[in-house]
Number of protein chains: 2
Amino acid sequence: MDDCIFCKIIRGELPSKKVYEDDDAYAFHDIHPAAPVHLLLIPKLHIDSLAAADERHAGLLGKLMLLASKLAKQHGLESGFKTTIHTGRDGGQVVFHLHLHILGGGKIPTL
Amino acid sequence: MDDCIFCKIIRGELPSKKVYEDDDAYAFHDIHPAAPVHLLLIPKLHIDSLAAADERHAGLLGKLMLLASKLAKQHGLESGFKTTIHTGRDGGQVVFHLHLHILGGGKIPTL
C-alpha cells in the first residue's frame, strides 16, 4: 500500500524506533506513548483492520498475539501489560493498517 | 480448573448472558459493562493469561481474534470497536482465565 504510513515504516521510507522484525511482523515504539512502555506491533501484510481480516489470517493473528506477549516480557513487563486493537473510526482506529498496542510499565488506562 | 469463575461459567455452574459458544470458545456480556456493548470472549481451554499461552495456542488465539470481529459486527458495531486483553496484575487482569474484551457502541475508553 503506497500511502499507508505503517507500510512506509516497514519499507524504511519513514523512520521508526524498531524493536523487532521478522518475515511477518514488525514492532516499534509508539511516537506518542500513552504509558512508560508503548509498542506497536503490526503485520507486514497490509490488512486495513481487524474487521478486514479473515480465516486466511488466523495463523498470522495468533502469531502476533504470542509475539505481543514475548515483546512485553522483553521490555520488562513481566508483571503485566495490556494489548489493545482499535478497529474502525468509532473504535478509535487512526491508522488503517491493523496494529496492536502493547502498553505497560506503570499506570495504564484501564479498559 | 475447579475454582476458575470463567471455567464455571463455561460449565454452566455460574450464570452468564451468553452470546456465543462453540467447541473452542464462549462469549458473554460483561457483568459490569464499560461501554454500551461490552462482551467477554474466552477460550474453553483454561489458559491463565496471554503470558501463559505458547505456540500450541497460536491457532486458538487467531480464531479468537477473528471471532471477536464477527461478534462485534453481530452486535451492531460495524462502525468500530475495541478489543483489549489484560495480562497480569499490573496489566489490570482480574480473572486469571485468558479473556478478550470487546467494547463499542458509544464513547469507549481510548487506549
Side-chain angles (χ1 to χ4, degrees), chain A residues 30 32-38 40 43 47-73 76-94 96 98 100-111, chain B residues 30 32-38 40 43 47-73 76-94 96 98 100-111:
Chain A
D30 194 294
H32 299 299
V37 175
H38 185 174
L40 294 178
I47 304 170
D48 277 354
S49 71
L50 185 59
D54 62 35
E55 318 303 334
R56 293 170 300 172
H57 307 118
L60 176 60
L61 290 169
K63 174 177 175 167
L64 289 174
M65 298 310 297
L66 292 174
L67 202 45
S69 175
K70 193 179 290 183
L71 290 171
K73 286 173 198 164
L77 306 181
E78 291 85 357
S79 65
F81 58 92
K82 198 175 77 162
T83 45
T84 296
I85 297 175
H86 300 270
T87 302
R89 296 211 183 278
D90 286 351
Q93 187 173 5
V94 178
F96 282 79
L98 173 60
L100 196 148
H101 295 265
I102 303 166
L103 297 140
K107 189 164 168 47
I108 54 174
T110 51
L111 264 170
Chain B
D30 194 293
H32 299 299
V37 175
H38 185 173
L40 294 178
I47 304 170
D48 277 355
S49 72
L50 185 58
D54 62 35
E55 317 303 333
R56 291 170 301 171
H57 307 118
L60 177 59
L61 291 170
K63 174 178 175 167
L64 290 174
M65 297 311 295
L66 291 175
L67 201 46
S69 175
K70 194 179 290 184
L71 290 171
K73 287 173 198 165
L77 306 181
E78 290 86 357
S79 64
F81 59 93
K82 198 176 76 163
T83 44
T84 296
I85 298 174
H86 300 270
T87 303
R89 295 210 184 277
D90 286 350
Q93 187 173 6
V94 177
F96 282 78
L98 174 59
L100 196 148
H101 296 266
I102 302 165
L103 297 141
K107 189 164 168 46
I108 54 174
T110 52
L111 264 170

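Across all non-hydrogen atoms, the minimal contact from B:T83 to B:M65 is OG1-CE, 4.5 Å.
By the 4.5 Å heavy-atom criterion applied to side chains, A:I85 and A:L98 are counted as neighbours. Between B:H86 and B:V94 there is no side-chain heavy-atom pair separated by less than 4.5 Å.
Ranked by heavy-atom pairs shorter than 4.5 Å toward chain B, the options A:L61, A:T87, A:L50 are led by A:T87. Top candidate by heavy-atom pairs under 4.5 Å with chain A, chosen from B:A58, B:S79, B:G62, is B:S79. By number of non-hydrogen pairs under 4.5 angstrom with chain B, the leading residue of A:A68, A:G59, A:G106, A:G88 is A:G88. For the options A:G104, A:G105, A:S69, heavy-atom pairs under 4.5 Å to chain B are most numerous at A:S69.
Both the backbone and the side chain of A:E55 come within less than 4.5 Å of a heavy atom of chain B.
In this structure, A:Q93 contributes its side chain and A:D48 its backbone to a donor-acceptor pair below 3.5 Å.
Ring geometry, B:H38 versus B:H101: the interplanar angle falls from 30° to 60°, so the pair is classed tilted.
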